[in-house]
Trainee: 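First, the structure itself, so that you have it in front of you.
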Amino acid sequence: MKHSQKERSYDSGNHLPQALLVCLIGILLNLGGSRLAGYLHIPLYLDCTGTIMASILGGYLPGVAAGFMTNMIIGITDHPSLYYGVLNVLIAVVTVWFAERNRLRQFRDLFLLTLLLAGIGGGLGSVLTFLLYGMNFGEGISSPLVRLIHEAVLHNVFWAQLLGDFLTDIVDKFICVFVVVLFVRIIPSRFREKCFLYGWRQTPLQSQDKAVSQKKYYRKMSLRSKLFLLVSSATLLIAVIVAGISVYLYHNSNIDEQSKLAKGVSYVVASYLDASRVDEYIEKGEDVEGYNDIINRMEDLMDSSPDIRFVYVYRILEDCCQVVFDPDTDYLEGEAPGTLIPFDNAFLPYINDLLAGKDIPPVISDETYGWLLTVYTPVYDDNGICQCYAAVDISMEQLRSYERIFIARIISLFSGFFLLILVIGMWLAKYRIILPINSMAVAASDFAYDSEKSRSETLSRIQDLNIRTGDEIENLYQTLIMTTQDTVRFIAQAQEKNDTINRLQNGLILVLADLVESRDQCTGDHIKNTSAYVNIIMQQMKENGTYINQLSDDFINDVVNSAPLHDVGKIHIPDALLNKPGKLTDKEFATMKEHAKVGGEIISKAIG
């Protein structure tokens with residue numbers, strides 16, 4: 001029965017069903033707020049109200065889960081929303097930090113929270129949008145304000161967009177924060193307490209006990225810091241490796257795709273050409289029938305994809321290329337037929353193959369015409385002789401832009417998952433490792449030995465922790481209990497033996513004193529009276545403040561118990577002298593006085 005009571009107190013601190021409900025309501029509030037803003041056509045988002053509410057009521061896990069899951073759900077139909085999940089996670093973390101420190105009561109704290117959340121939603125959100133999609137100036141909810149700022153204050157497009165998004169988000173977060181705070185204050189404190197998600201694996205600690213157990217009991221670095229570094233480092237390392245592999249594969253995939261695009265376009269260009277008329281194309285150019293038609297078709301091919309930068313036809317000579325077709329582009333005016341163009345350095349290893357009319361692999365160069373991926377397709381005449389090459393240049397700058405966006409998406413997605421994993425990991429570590437270990441350390445460090453009651457209270461304090469982690473920490477806890485029980489039992493036995501020894505010692509003192517005193521026909525009352533007088537005198541001395549640092553209760557008790565030995569030296573006095581009925585002579589009196597000195601020597605030898 002006793003164990004089941006402990007189990008009930010241990011389970012009562014979790015509040016998992018209530019926390020899940022808070023998380024679900026938070027997600028619905030986020031989705032509903034966003035829909036409401038769109039329905040009313042107001043320039044606000046209202047999509048983090050539920051995140052803030054779940055963070056204040058439920059703590060880190062419900063808040064982070066509500067924020068992150070909102071973006072995951074929206075991302076099912078609106079894919080770009082997935083990349084902004086990290087912002088909602090950061091909003092949850094900052095809100096919980098304020099709530100746990102009770103900084104949601106004063107207006108200045110609420111305003112500071114509003115600014116921080118606006119910095120995350122508007123500031124970081126604007127930067128993330130720029131990384132993902134480039135500068136979409138004047139688009140979105142904040143577009144009217146952004147245009148106004150750009151025209152009146154900041155002429156730099158990026159900073160105007162950033163400031164406009166931030167100011168818009170201040171209004172948005174101000175409404176969200178104050179609506180949630182007002183709502184939370186209306187809720188009874190009893191209900192709020194039940195909504196907070198704990199993960200106790202022991203008897204729940206009171207606030208003051210939790211504060212004590214989280215104090216710094218370490219020499220160099222706390223276990224919390226070590227776990228944080230371990231989890232974050234491991235997650236970051238895995239993320240860097242996975243991201244690096246993903247970028248590498250994405251880069252190669254893009255190269256393959258662009259090479260296929262260029263190869264396909266070059267085949268189409270080659271199909272336009274009559275290889276037997278290449279000499280005529282070079283000599284007469286536009287005067288040749290069909291020449292301009294081929295140029296127009298090549299221009300249409302260039303316009304078909306933003307990735308295609310140049311489409312042209314070259315005849316390969318031993319020391320240069322000779323232009324056959326070179327249409328004008330937005331970037332550059334085309335060369336006239338017959339113009340000789342020197343080889344770029346990237347093509348030098350392939351000159352022999354080009355002269356032989358062979359296929360060559362795609363060539364990536366960054367020279368005369370920029371960073372390009374070039375594909376050459378040979379054009380053969382009816383005799384199988386290569387007369388020229390149809391060439392297509394793909395802009396690698398566009399590819400770089402794609403990769404930058406890809407990296408930004410990976411980082412944004414990973415950051416959201418990273419923070420989610422980190423919060424879960426640290427939450428579990430807090431309740432399953434840190435608090436149990438610190439609680440044991442605090443309970444054991446306060447061990448009191450001075451009385452049986454104190455020892456019993458210390459043992460009960462350790463047993464009442466009721467740690468149930470189900471792992472090595474619980475084994476350590478059970479070992480601590482057994483060790484403490486053995487220690488308490490050993491101290492009790494030692495105390496009992498010590499008391500027995502003290503009683504034996506006092507009894508021996510009385511027996512010895514009685515033997516000595518009986519030689520001069522004194523009664524036992526003399527011994528008792530002497531002890532009583534000594535006790536009265538020393539207690540009065542203590543009250544008077546005499547020898548205040550020496551007259552402790554233990555010292556007085558030892559003196560009183562030793563008082564019966566005051567005449568132990570009489571054992572050396574002859575019986576005839578002790579029991580002489582008449583007056584002692586001077587010599588006999590001098591002998592009698594020697595008993596004090598002899599008694600001191602006897603006691604000194606006994607102590608030795």
Side-chain angles (χ1 to χ4, degrees), residues 4-36 46-70 73 88-89 91-107 109-114 116-117 173-211 213-214 420 423-424 426-428 430-432 435 464 466 468:
S4 64
Q5 289 173 348
K6 286 188 176 182
E7 288 295 340
R8 284 199 295 273
S9 66
Y10 152 85
D11 290 333
S12 65
N14 289 325
H15 305 161
L16 181 59
Q18 297 92 323
L20 290 175
L21 180 61
V22 167
C23 179
L24 178 60
I25 293 174
I27 294 173
L28 295 176
L29 283 176
N30 285 341
L31 298 174
S34 178
R35 291 288 183 90
L36 178 63
L46 303 180
D47 59 349
C48 66
T49 307
T51 301
I52 297 173
M53 185 273 295
S55 301
I56 294 175
L57 290 179
Y60 280 108
L61 275 187
V64 169
F68 195 73
M69 291 306 299
T70 297
I73 293 172
N88 254 334
V89 173
I91 286 173
V93 171
V94 172
T95 302
V96 176
W97 190 91
F98 269 73
E100 286 192 341
R101 286 154 183 79
N102 202 22
R103 298 187 61 178
L104 296 176
R105 296 183 178 276
Q106 299 184 7
F107 178 82
D109 291 331
L110 294 178
F111 186 68
L112 177 59
L113 175 60
T114 298
L116 289 174
L117 299 187
K173 297 303 181 287
F174 181 87
I175 294 174
C176 293
V177 167
F178 279 83
V179 167
V180 171
V181 170
L182 289 175
F183 172 73
V184 170
R185 288 184 179 178
I186 295 173
I187 299 175
S189 58
R190 196 169 167 188
F191 177 78
R192 291 202 301 268
E193 178 64 23
K194 289 185 177 180
C195 291
F196 197 89
L197 180 61
Y198 297 102
W200 295 111
R201 308 304 297 177
Q202 63 183 82
T203 301
L205 300 176
Q206 300 298 323
S207 299
Q208 61 272 22
D209 296 332
K210 193 190 301 183
S213 68
Q214 290 179 329
L420 180 64
V423 167
I424 294 174
M426 295 309 298
W427 184 85
L428 291 173
K430 175 182 178 181
Y431 288 103
R432 292 176 176 266
L435 284 177
D464 288 344
N466 192 34
R468 301 290 181 191

Trainee: If I compare all heavy atoms of Gly63 with all of Ser55, which pair ends up nearest, and what's the gap?
Mentor: CA-OG, 3.3 Å

Trainee: Donor-acceptor pair, distance only, cut-off 3.5 Å: does the side chain of Arg192 make one with the backbone of Ile187?
Mentor: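 Looks like yes, one N/O pair under 3.5 Å.
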
Trainee: Closest approach of Thr49 and Cys176, non-hydrogen atoms and distance?
Mentor: OG1-SG, 3.3 Å

Trainee: Atom CG of Asp109 and atom OG1 of Thr114: how far apart are they, to the nearest 0.5 Å?
Mentor: 10.5 Å

Trainee: Is the shortest heavy-atom distance from the side chain of Val177 to the side chain of Phe111 under 4.5 Å?
Mentor: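 No, their side chains stay 4.5 Å or more apart.
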
Trainee: How close do Cys23 and Ala65 get, heavy atom to heavy atom, and via which atoms?
Mentor: SG-CB, 3.8 Å

Trainee: Residues in salt bridge (Lys or Arg N to Asp or Glu O under 4.0 Å) with Arg35, at least two apart?
Mentor: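 So Arg35 forms no salt bridge (Lys or Arg N to Asp or Glu O under 4.0 Å) with any residue.
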
Trainee: Can you tell which of Asn30, Thr95, Thr70 makes a side chain to side chain donor-acceptor pair (under 3.5 Å) with Thr51?
Mentor: Asn30

Trainee: Of the non-hydrogen atoms in Tyr198 and Tyr431, which two are nearest, and what is the gap between them?
Mentor: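 Heavy atoms only, the tightest pair is CD2-OH, 3.2 Å.
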
Trainee: Between Arg468 and Asn466, is a side-chain contact (heavy atoms from CB on, under 4.5 Å) present by the stated rule, with each step listed?
Mentor: CA-CA 6 Å; Arg468 301 290 181 191; Asn466 192 34; 3.0 Å; yes

Trainee: Could you pull out the closest heavy-atom pair between Val93 and Tyr60, with the gap in Å?
Mentor: O-CE2, 3.9 Å

Trainee: Without swapping roles, check the side chain of Arg103 against the backbone of Ala99 for a donor-acceptor pair under 3.5 Å.
Mentor: no

Trainee: Are more than 12 heavy atoms, taken from residues, nucleotides or ligands other than Arg190, located less than 6.0 Å from that residue's CZ atom?
Mentor: no

Trainee: Within a strict 4.5 Å, meaning less than it, do heavy atoms of the Ile56 and Phe98 side chains meet?
Mentor: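 When only atoms from C-beta onward are counted, Phe98 and Ile56 do not touch, as no gap falls below 4.5 Å.
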
Trainee: Report the distance from atom CG of Leu24 to atom CE of Met69, rounding to the nearest 0.5 Å.
Mentor: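 Rounded to the nearest 0.5 Å, the CG-CE separation comes to 10.5 Å.
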
Trainee: Can you tell me how far the CD1 atom of Ile73 sits from the CG atom of Leu28, to the nearest 0.5 Å?
Mentor: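 Reported to 0.5 Å precision, the distance equals 8.0 Å.
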
Trainee: Kindly say whether the aromatic ring centers of Phe178 and Phe107 come within a distance under 6.0 Å.
Mentor: yes

Trainee: Can you list the steps and then say if Leu57 with Val22 is a side-chain contact (heavy atoms from CB on, under 4.5 Å)?
Mentor: CA-CA 7 Å; Leu57 290 179; Val22 167; 4.2 Å; yes

Trainee: Under the side chain to side chain contact (heavy atoms under 4.5 Å, CB included) test against Met53, which residue among Val181, Val180, Val179 passes?
Mentor: Val180

Trainee: I need the Ile27 CD1 to Leu31 CG distance, nearest 0.5 Å.
Mentor: 7.5 Å

Trainee: Taking the side chain as every heavy atom from C-beta outward, state whether Leu117 and Cys48 have any pair of such atoms under 4.5 Å apart.
Mentor: no

Trainee: Specify the closest pair of heavy atoms between Gln18 and Cys195, including all atoms of both residues, with the distance to one decimal.
Mentor: CB-CA, 4.1 Å

Trainee: Check whether Arg432 reaches the backbone of Arg201 with its side chain - one donor and one acceptor, N or O, closer than 3.5 Å.
Mentor: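 Side chain of Arg432 to backbone of Arg201, a donor-acceptor pair under 3.5 Å: no, none is there.
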
Trainee: At what distance, to the nearest 0.5 angstrom, does CD1 of Ile25 lie from CG of Leu20?
Mentor: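 Going from the CD1 atom of Ile25 to the CG atom of Leu20 covers 11.0 Å.
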
Trainee: Measuring only between side-chain heavy atoms, which start at C-beta, is Leu197 closer than 4.5 Å to Trp427?
Mentor: yes

Trainee: Look at the side chain of Ser34 and the backbone N and O of Asp47, then say whether any donor-acceptor pair between them is shorter than 3.5 Å.
Mentor: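 Answer holds: no.
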
